[in-house]
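Here's the structure, in structure tokens; my notes come after.
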Amino acid sequence: MTDVTATFVRLKLSLLRNGLRQSAGRRAAYIASAVLALLFAALQLLGLVLLRGHEHAASVVLPLTALLALGWAVMPLFFPSGDETLDPTRLVMLPLRAGPLVRALLAASLVGIGPLFTLCLVLGSVIALAHGGAGYATAVVAVPLTLLVCVALARAVAAANVRLLTSRKGRDLAVLSGLVIAVGAQVVNFGAQRLGEAGLGQLDPVADVLRWVPPASAIGAVDSMGEGAYGAGLLQLALSVGALALLIAVWARHLDRLMTSPDGSTLQAAGDGAARERTGAGGPARLLPGGRTGTVMERSLRYVWRDPKTKAAWVTSLAIGLIVPVFNALQGTGSIYFACFAAGMLGILMYNQFGQDTSAFWMVAMTISSTRDAYVELRARALALLVITLPYATLVTVLTTAMLGDWASLPEVLGLSFALLGAMLATGAWASARFPYSIPQEGYKNVAPGQSGLAAFAIFGGMVAAALLCLPVIVAAIWLHTSAGGEDWTWLLLPGGTAYGAAITVAGLRLAAPRTAARLPEILAAVSKG
């Protein structure tokens with residue numbers, strides 16, 4: 001057992017060393033990230049040490065420990081390729097039982113920047129809370145116990161989802177990881193602002209709950225033992241020990257299943273595909289219109305669900321379109337007009353419609369032989385976007401209105417949102433034909449090299465044009481608010497803005513259709529560049 005554990009630790013060190021030998025750029029990036037991570041960990045450690053003796057020290061370190069454990073839990077889902085040893089299927093040919101393999105992998109998992117970063121934060125947490133002989137003695141046990149629970153949690157999640165992490169959907173999650181980090185940063189920023197206004201005492205109820213949730217319960221045991229609550233401290237420590245034992249058992253069970261069971265995912269996928277071929281299209285696709293319009297709409301919606309880059313763009317727009325109005329409303333500084341942000345963010349997705357097809361656009365180009373074909377193609381793509389955008393923009397507007405309590409302005413803001421959406425669909429269709437660019441399928445870049453200026457001009461120029469197209473509705477809204485008795489008629493902006501948005505969309509599609517039909521070779525060359 002000892003030899004197996006030592007072998008796996010040496011294997012982990014070899015993987016790290018060989019990875020750094022691949023290129024000078026990778027070596028520099030790793031060293032820079034390690035230095036920044038350790039510097040941040042040192043600053044966090046210093047800040048936690050300064051909390052020692054503070055009245056609300058436990059209210060800070062307990063949520064921090066829980067947040068740290070949550071990070072370990074989601075890390076394998078969003079960064080499946082960050083550690084080669086996270087994939088236990090690479091070990092299926094080794095003649096090892098699950099028990100020795102779990103111990104070896106657990107020891108190897110303690111090697112790296114992540115465990116060292118976690119150790120610094122856990123050390124700072126126990127230093128902030130420990131006092132008295134019992135507290136210090138418990139801290140000696142709590143530090144390695146917390147670290148082991150975090151590592152075992154990550155390993156158990158990885159083993160349970162290994163088929164997902166090595167599939168296309170796993171790569172989709174990796175593409176969306178940046179969005180999750182961005183949204184999480186907004187949530188943390190909002191929470192920090194609220195704490196700055198209300199004080200750390202607001203975290204006391206949360207800490208009272210988390211002190212009984214592993215692995216934060218191990219840190220809570222340090223505080224309880226220092227206060228003389230030995231029974232509570234022992235129980236909290238036992239909860240973390242039990243959580244570690246449970247995670248190791250779950251991890252070992254999944255490892256045993258992976259090492260002994262055949263992978264039937266390919267057969268299952270083939271069977272499902274055959275079944276779909278036999279039954280034909282079903283589900284929501286049956287609600288789409290017939291002919292070319294329905295086919296193009298279904299293809300566009302499938303891109304949203306299946307293509308990682310398209311999915312990432314949609315989820316980012318959906319999230320930001322909700323975060324901006326809702327967070328501003330929660331902070332008490334919001335305006336109901338921020339709800340138009342949802343329509344604006346989703347309207348951007350109309351730009352560069354052909355770029356998402358990449359080199360496969362040639363199959364679409366083969367079906368466009370006239371201006372009429374181009375118009376139907378663009379109209380169907382716009383309708384596919386509206387299937388999601390219209391109910392979503394309405395939902396965000398209603399939610400923002402409910403949070404602000406300004407129900408009288410709901411029809412007006414909905415009308416403005418629909419007018420803005422129509423203007424962006426119109427300018428997006430024209431920009432797709434006039435300024436197409438390629439979207440690389442690999443990596444995290446959304447624009448092919450050499451086309452960044454073109455993409456920026458298309459998007460920002462189109463947004464300015466859309467804002468100018470919305471001026472009639474905006475001027476009408478201002479006039480109603482400034483004229484005597486005009487506010488009683490602001491509800492007319494809902495049907496007026498909706499009709500205007502629909503009319504400007506049709507006009508934009510008809511303007512873009514002949515340009516699309518005439519520029520098919522140029523569009524194909526541009527979107528196939530990456």
Side-chain angles (χ1 to χ4, degrees), residues 288-314 347-386 422-466 469 504-530:
L288 299 178
R292 181 183 185 122
T293 299
T295 302
V296 175
M297 288 181 66
E298 183 177 0
R299 184 183 69 225
S300 299
L301 293 174
R302 285 185 183 275
Y303 276 147
V304 176
W305 182 250
R306 293 184 176 182
D307 180 62
K309 287 297 180 69
T310 306
K311 182 186 296 186
W314 268 93
I348 294 176
L349 298 173
M350 185 63 187
Y351 293 80
N352 196 37
Q353 274 293 304
F354 306 126
Q356 67 182 1
D357 297 348
T358 61
S359 59
F361 178 69
W362 73 270
M363 291 187 291
V364 177
M366 293 291 291
T367 66
I368 299 177
S369 58
S370 64
T371 299
R372 174 65 182 174
D373 292 337
Y375 173 74
V376 175
E377 176 75 23
L378 289 170
R379 183 186 63 184
R381 291 176 183 248
L383 288 173
L385 191 145
L386 288 173
M424 298 198 73
L425 291 178
T427 56
W430 188 84
S432 295
R434 182 63 182 84
F435 304 107
Y437 56 90
S438 178
I439 302 176
Q441 291 301 293
E442 299 297 332
Y444 295 92
K445 293 183 179 181
N446 292 318
V447 183
Q451 294 184 328
S452 299
L454 179 68
F457 182 80
I459 294 176
F460 291 107
M463 292 171 64
V464 172
L469 288 175
I504 202 69
T505 298
V506 173
L509 293 175
R510 292 194 177 279
L511 181 64
R515 184 172 293 273
T516 300
R519 299 189 73 249
L520 285 176
E522 292 87 347
I523 295 173
L524 179 58
V527 301
S528 303
K529 183 177 181 180

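Note that the numbering runs from 1 along the sequence shown for the chain.
Nearest heavy atoms, Ala380 versus Thr293: CB-O, 3.5 Å. Pairing each heavy atom of Met424 with each of Ala466, the nearest pair is CG-CB, 3.8 Å. Minimum interatomic distance between Ala426 and Gly508 (heavy atoms only, all atoms of both residues): CB-CA, 3.7 Å. The two residues Pro521 and Ala518 make their nearest non-hydrogen contact at CD-O, 4.4 Å. The two residues Ser370 and Ala517 have their closest heavy-atom pair at O-CB, 3.9 Å. Nearest heavy atoms, Ile348 versus Met463: CD1-SD, 4.1 Å.
The closest donor-acceptor contact from the side chain of Tyr303 to the backbone of Thr310 lies at 3.5 Å or more, if one exists at all. A donor-acceptor contact shorter than 3.5 Å is absent between the side chain of Thr371 and the backbone of Pro514. In this structure, the side chain of Thr516 does not engage the main chain of Tyr375 through any donor-acceptor pair within 3.5 Å.
With salt bridges taken as basic N to acidic carboxylate O contacts below 4.0 Å, none links Glu522 and Arg515.
To the nearest 0.5 angstrom, Arg372 atom CZ is 7.0 Å from Arg510 atom CZ. Atom OG1 of Thr367 and atom CH2 of Trp362 lie 11.0 Å apart (nearest 0.5 Å). Between Leu509 atom CG and Met350 atom CE the span is 5.5 Å, to the nearest 0.5 Å. Taking CD1 of Ile504 as the start and OG1 of Thr427 as the end, the distance is 9.5 Å to the nearest 0.5 Å. Separating the CE atom in Met297 from the CG atom in Leu385 is a distance of 10.0 Å, to the nearest 0.5 Å.
A heavy-atom distance below 4.5 Å is found between the side chains of Asp373 and Arg292. You'll find the side chain of Thr295 stays beyond 4.5 Å of the side chain of Glu298, heavy atoms only. In this structure, Leu386 and Leu425 have side chains that are in contact, with non-hydrogen atoms separated by less than 4.5 Å. Side chains of Ile459 and Tyr437 form a contact here, defined as non-hydrogen atoms less than 4.5 Å apart.
Ring orientation note: the planes of Trp430 and Phe435 are nearly perpendicular, at an angle over 60° on the 30°/60° scale.
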### Task
Take Ser432 and Arg381 through the test side-chain hydrogen bond (donor to acceptor under 3.5 Å, both in side chains) and record every step on the way to the result.
CA-CA 11 Å; Ser432 295; Arg381 291 176 183 248; over 6 Å; no
